[in-house]
Visitor: 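Can you read through this structure? Questions will come right after.
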Amino acid sequence: MSSVITRSSYHKGLAGIGALILLAGLALYFASIKTIYDLPIIMMIAGLWILLQHLYRMYKPGGRTQDIEINSKTLNNMLTNYAIIIAMVVLVFIICVLQPRFMQIRVVLDIMTQSSTKLIIALGICFTLIIAGCDLSAGRIVGLAAVVSTSMLQTSDYANRFFPDLAQLPLFVPILIAILICMVFGALNGFLVAQYEMHPFIATLATSVIVYGSCSLYFDLPPNNSQPIGGVRPDFAALGQTKFFQSGSFPGISILIPIAAVITVFIWFVLNKTVFGKNVYALGGNREAAVVAGVNVYMTNLFIFILAAALYGIAGVLEAARTAGATNQYGQGYELDAIAACVVGGVSLMGGIATVSGIIAGVFVFTIIQYGLQFISVSPMWQQVIKGIIIAVAVAIDMGKYRRKV
């Protein structure tokens, strides 16, 4: 048994749900219940977002032409597609019951801040996943960018300067040098994949080892001798630690959030509005058809890994600025979290399928779960078990979608 509703009715219903959440938040806000902390404000923001989003979709040109069929199959697909998000919502509810302090604006902003650099890395790695590959060098490239940029951006009076005689350079120069070095290693990845048709898993694994070795050799140069790099300049630290609108009890919005937002919009534009983006999807969807259609496979592969490495470099610089220091261990394992977040966000390991909105959702799901488990003092070992289960379930769901299409 099935029923059909119009696209307009569908969005109207969801807009109504958003309005109800908004009104419920308003009611709770004026009720002034202290035990629920900032839950009313969070509900109002979420409700307003849902309301505006679906009002826009309802009235945009062509938004009301396609009907939606609702039956057991579509409901099953919907539950499958959103299984991880549903599980996250349930977990958040449990965390809020166990620890009501989780319902604070401060917590939400902390989660957004922690997600910012992770999102930039995931946006880089998604290009390699779209072509049914991966990039195991991402984390090590993040660490390389952190070490290189920090080593040249220390204060002149710091006792253990990496380059004691180096003049104070303009802020953008060391940052640009670090990102360009990362892009060189990205080009190496792309060259191995494009020139020798090496599987990205092997190519990036080899590059990862090379990057880590090179970074460790650089980090061990005298007079530093493998000591953690600190004493960063205030203008560099401000790049990761500045907060806007900080006043009273409001903790402020980290500068990393708007930086990540700008990069996200840029990547959305590249993927959806450029020839390069269309070529990436074409290459991942059907390589043979892409070749026939005239896609330059060699250059597309090369640019994919160069662009990805540039994003890793930016993330590494921002991480170093946020923590005001760096070691050669920075970025270890970041690539696995980024791949997992992309898969949770709907990026197919079979290639050809990815959305920026899905990647954002995947990164936030992982960050919320990790932050929430730490918030209620769950053992780090159990956190790893839960993270592994999430990855396994997400990949199983992805493979199930692929089998249904085949």
Side-chain angles (χ1 to χ4, degrees), residues 117-151 174-221 226 263 267 270 276 280 283-284 287 296-320 326-343 347 349 351 354 359:
T117 50
K118 294 177 181 178
L119 176 58
I120 296 170
I121 298 168
L123 289 171
I125 219 162
C126 84
F127 283 88
T128 67
L129 295 175
I130 292 174
I131 60 169
C134 64
D135 191 346
L136 298 182
S137 66
R140 292 307 185 185
I141 291 177
V142 168
L144 177 66
V147 168
V148 171
S149 58
T150 309
S151 67
I175 292 174
L176 187 60
I177 290 172
I179 294 172
L180 287 174
I181 291 172
C182 293
M183 291 172 70
V184 169
F185 284 106
L188 175 61
N189 279 330
F191 175 75
L192 293 174
V193 172
Q195 180 67 32
Y196 300 104
E197 297 187 355
M198 194 180 297
H199 194 283
F201 181 91
I202 300 300
T204 59
L205 176 61
T207 302
S208 174
V209 176
I210 295 171
V211 171
Y212 179 59
S214 302
C215 182
S216 297
L217 287 170
Y218 180 81
F219 188 64
D220 193 45
L221 289 175
S226 296
I263 292 173
I267 296 302
V270 169
F276 171 70
V280 172
L283 190 59
R287 181 186 175 93
N296 189 328
V297 175
Y298 186 97
M299 294 306 297
T300 302
N301 273 315
L302 192 62
F303 283 131
I304 282 172
F305 286 96
I306 292 174
L307 176 58
L311 291 172
Y312 309 150
I314 293 170
V317 169
L318 294 175
E319 274 291 286
T327 73
N328 63 331
Q329 296 299 323
Y330 262 45
Q332 183 176 6
Y334 281 22
E335 69 281 354
L336 301 180
D337 285 346
I339 292 171
C342 287
V343 174
V347 180
L349 294 176
I359 295 166

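What's counted below: heavy atoms across the whole structure, side chains too, no hydrogens, waters or symmetry copies. All residue numbers in this chain count up from 1 along the given sequence.
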Visitor: How many angstroms lie between CG in Leu221 and OG in Ser216, if you round to the nearest 0.5 Å?
Guide: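 Nearest 0.5 Å value for the CG-OG distance: 11.0 Å.
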
Visitor: Looking at every heavy atom in both Gly190 and Leu302, which two are closest together, and how far apart are they?
Guide: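 Closest pair (atom of Gly190, atom of Leu302, distance): C-CD1, 3.7 Å.
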
Visitor: I'd like to check the side-chain hydrogen bond (donor to acceptor under 3.5 Å, both in side chains) partners of Ser151; sequence neighbours left out, ordered by chain and number.
Guide: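 Once residues adjacent in sequence are excluded, the partners of Ser151 under the side-chain hydrogen bond (donor to acceptor under 3.5 Å, both in side chains) criterion are Tyr218.
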
Visitor: Excluding sequence neighbours, so at least two apart, what forms side-chain hydrogen bond (donor to acceptor under 3.5 Å, both in side chains) with Asp220?
Guide: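 Testing Asp220 for side-chain hydrogen bond (donor to acceptor under 3.5 Å, both in side chains), a comparison that skips the adjacent residues, returns Ser226.
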
Visitor: Kindly write out the residues that satisfy side-chain hydrogen bond (donor to acceptor under 3.5 Å, both in side chains) with Thr204, not counting sequence neighbours, or none if the list is empty.
Guide: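 For Thr204 there are no side-chain hydrogen bond (donor to acceptor under 3.5 Å, both in side chains) partners, ignoring immediate neighbours.
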
Visitor: Can you see which heavy atom on Pro200 is nearest to which on Gly133, and at what distance?
Guide: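 Between these two residues, the closest heavy atoms are CG-CA, 3.8 Å.
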
Visitor: So, the side chain of Ser149 versus the backbone of Ala146: is there a donor-acceptor pair under 3.5 Å, distance only?
Guide: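 Yes, the answer is positive, given that a donor and an acceptor are paired below the 3.5 Å cut-off.
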
Visitor: Quick check: closest heavy atoms across Met183 and Ala310, and the distance to 0.1 Å?
Guide: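 Taking every non-hydrogen atom into account, CG-CB, 3.8 Å.
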
Visitor: Taking side chain to side chain contact (heavy atoms under 4.5 Å, CB included) as the criterion, tell me which of Asn189, Leu188, Thr207 meets it with Phe305.
Guide: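 Option passing the side chain to side chain contact (heavy atoms under 4.5 Å, CB included) with Phe305: Asn189.
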
Visitor: Run the side chain to side chain contact (heavy atoms under 4.5 Å, CB included) test on Thr327 and Phe219 for me, step by step, so that the C-alpha distance in whole Å, both residues' side-chain angles and the decisive distance to 0.1 Å come before the verdict.
Guide: CA-CA 7 Å; Thr327 73; Phe219 188 64; 4.0 Å; yes

Visitor: Looking only at non-hydrogen atoms, find the nearest pair between Gly313 and Cys182 and report the distance.
Guide: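 Looks like CA-SG, 3.8 Å.
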
Visitor: In terms of relative ring orientation, are Phe191 and Tyr196 parallel, tilted or perpendicular, with 30° and 60° separating the classes?
Guide: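 If you compare the ring of Phe191 with that of Tyr196, the planes turn out perpendicular.
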
Visitor: Using a 3.5 Å cut-off and no angle test, enumerate the donor-acceptor pairs between side-chain atoms of residues 117-125 and protein atoms at least two apart in sequence or in another chain.
Guide:
residue	atom	partner	partner atom	Å
Thr117	OG1	Glu319	OE2	3.0

Visitor: Check Gly186 against Ala309 and note the closest heavy-atom contact, atom names and distance.
Guide: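 Minimum heavy-atom contact is CA-CB, 3.6 Å.
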
Visitor: Between atom CD1 of Ile179 and atom CD1 of Ile141, what is the distance when rounded to the nearest 0.5 Å?
Guide: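 These two atoms lie 12.5 Å from each other.
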
Visitor: Atom OG of Ser214 and atom CG of Asn328: how far apart are they, to the nearest 0.5 Å?
Guide: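 Taking OG in Ser214 and CG in Asn328, the distance rounds to 11.5 Å.
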
Visitor: Go through the steps for Ile267 and Leu311 under the test side chain to side chain contact (heavy atoms under 4.5 Å, CB included), then give the verdict.
Guide: CA-CA 10 Å; Ile267 296 302; Leu311 291 172; 3.8 Å; yes

Visitor: Sequence neighbours excluded, which residues qualify as side-chain hydrogen bond (donor to acceptor under 3.5 Å, both in side chains) partners of Ser208?
Guide: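 Result, side-chain hydrogen bond (donor to acceptor under 3.5 Å, both in side chains) vs Ser208: none returned.
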
Visitor: Roughly how far, to the nearest 0.5 Å, is SG of Cys342 from CG of Asp337?
Guide: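 Between Asp337 CG and Cys342 SG, I get 11.0 Å after rounding to 0.5 Å.
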
Visitor: Please enumerate all residues that pass side chain to side chain contact (heavy atoms under 4.5 Å, CB included) together with Ala194, with sequence neighbours excluded.
Guide: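 Side chain to side chain contact (heavy atoms under 4.5 Å, CB included) check on Ala194 returns Tyr298, Asn301.
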
Visitor: Locate the shortest heavy-atom distance separating Arg140 from Val211; write the atom from each residue and the value.
Guide: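 Looking at all heavy atoms of both residues, the closest pair is O-CG1, 3.4 Å.
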
Visitor: Can you measure from CD (Glu335) to OH (Tyr312) and round to the nearest 0.5 angstrom?
Guide: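 Glu335 CD to Tyr312 OH: 9.0 Å, rounded to 0.5 Å.
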
Visitor: Supply the atom-to-atom distance Ile210 CD1 to Leu205 CG, rounded to the nearest 0.5 angstrom.
Guide: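 Reported to 0.5 Å precision, the distance equals 10.0 Å.
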
